[in-house]
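Working notes for the structure below.
It should be emphasised that the depicted structure is a prediction, and the values quoted were computed from it without experimental measurement. No hydrogens, no waters, no symmetry mates; every other heavy atom, side chains included, goes into these values.
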Amino acid sequence: TCGTSNGSEVVYLVNLAADSSLQAVVTSRSPTLAPSVYLRSAICETGTEVACAFTTTLGGSASLVARSLTAGPYYLFVDGDSESYGEFALDVLIGAPMAEPEECTTAQPLWFRDGVAVVTGDTTNAADNNSGSCGYSSATAPDLVYSFTIDPADAPMNVRAVLTASWDELIYLTDACPAADPANELECDDEPGEVIAADLGAGTYYVWVDGYSTAKGPFTLTVELTEPVANDGCGGAEPVTLTQDPTSGDMIGTATGTTTGAYDSGSGYCGGSSGDVMYSFEIGSEQTVEILVTPTQGSTLKPLVHLRATT
């Protein structure tokens, strides 16, 4: 019943031996598929639809959650929104029945594939349990909370959480509860909702979906976990060694790198809002400096360079 699911579909049978929760994530493996996924109970063709989720993004993901299902057969359909089609990966997680993710104790764990977790939800019928520092001081908007855990073997990690909604959304990241305690908040952002945190250590973290003032409604939350890029900040700037060119006498240094997985650590007066990496070099006297950045073949990078002095 969600989206425009008139593409080709396939169906899977899930038999629940006991009352359970069910999460299903469909990740497109084709640029021609905008997946949708829905769940019917008891009878394949005419059973009651108990959950539905979709994306209109070709190559995107759709995430479905049914928090409390009785034992019995269920039919899980993977479809294409607006007649889209293609290959996909399907992950299904069955667990104990879950309460609404209103507090840290009932936070819904995020499920990652290839470092990305996507979940859809709706705050319309949720309660106002917490607030972020970047919100309206007298806000009464309802909120929901999702969690993820970084294992010691994987730490540190960078996180980027993006909240997409048609209303005035608010998102904040905490490393403990209550979220309203400023000491627990790591990042907070109003519309457009995006929080970024680097070098997170081992532990459990909470992503809160909230609204500005009284705003509420359906949303999609996308959370990405990536390994830190070594020179994604001034503290880890990669030194570039300058050597004298025997023909011109100029001092020249070269480096190769990537901004993939890096975060936006800063910008220059000429702009820059994408992930950036840092390099450093030293000169012994006043010099004319020329810096050239050349994207490699197949790169989508439109380079921008800004130079800062240490004094």
**Request:** Mind telling me whether Tyr205 and Phe148 have parallel, tilted or perpendicular rings, with 30° and 60° as the class edges?
**Result:**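 Parallel.
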
**Asked** Could Arg40 and Phe77 be counted as a cation-pi pair, given that NZ or CZ must be under 6.0 Å from the ring centre and within 45° of the axis?
**Response**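 Verdict for Phe77: a cation-pi partner in Arg40.
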
Hydrogens and angles aside, do [X] and [Y] bring a side-chain donor and acceptor to less than 3.5 Å of each other?
X      : Y      : answer
Ser285 : Gln287 : yes
Thr32  : Ser30  : yes
Ser248 : Asp245 : yes
Thr204 : Thr149 : yes
Asp210 : Tyr172 : yes
Ser133 : Glu185 : yes

Can any side-chain N or O of [X] pair as donor or acceptor with the backbone N or O of [Y] at less than 3.5 Å?
X      : Y      : answer
Asp189 : Glu194 : yes
Asp122 : Thr124 : yes
Ser28  : Leu33  : yes
Asp151 : Ala153 : no
Thr106 : Glu102 : yes
Asp143 : Asn129 : yes
Gln244 : Met251 : no
Asn184 : Thr174 : no
Thr120 : Thr220 : no
Asp81  : Pro35  : no

**Prompt:** Please walk me through it: do Leu301 and Thr259 pass side chain to side chain contact (heavy atoms under 4.5 Å, CB included)?
**Reply:** CA-CA 8 Å; Leu301 176 67; Thr259 60; 4.1 Å; yes

**Phe219 vs Leu144 side-chain heavy atoms within contact, under 4.5 Å** =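 The answer is yes; the side chains approach within 4.5 Å.
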
**Item:** Basic-acidic side-chain contact under 4.0 Å: Arg29, Asp114
**Value:**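 Counted as a salt bridge, because a side-chain N and a carboxylate O are separated by less than 4.0 Å.
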
**Prompt:** Is the closest basic N to carboxylate O distance between Glu224 and Arg160 below 4.0 Å?
**Reply:**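 Here Glu224 pairs with Arg160 in a salt bridge, since their nearest N and O are under 4.0 Å apart.
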
Working to the nearest 0.5 Å, report the span between [atom1] of [X] and [atom2] of [Y].
X      : Y      : atom1 : atom2 : answer
Phe54  : Ser63  : CZ    : OG    : 13.5 Å
Leu173 : Cys188 : CG    : SG    : 10.0 Å
Asp175 : Leu186 : CG    : CG    : 4.5 Å
Leu13  : Cys44  : CG    : SG    : 8.5 Å

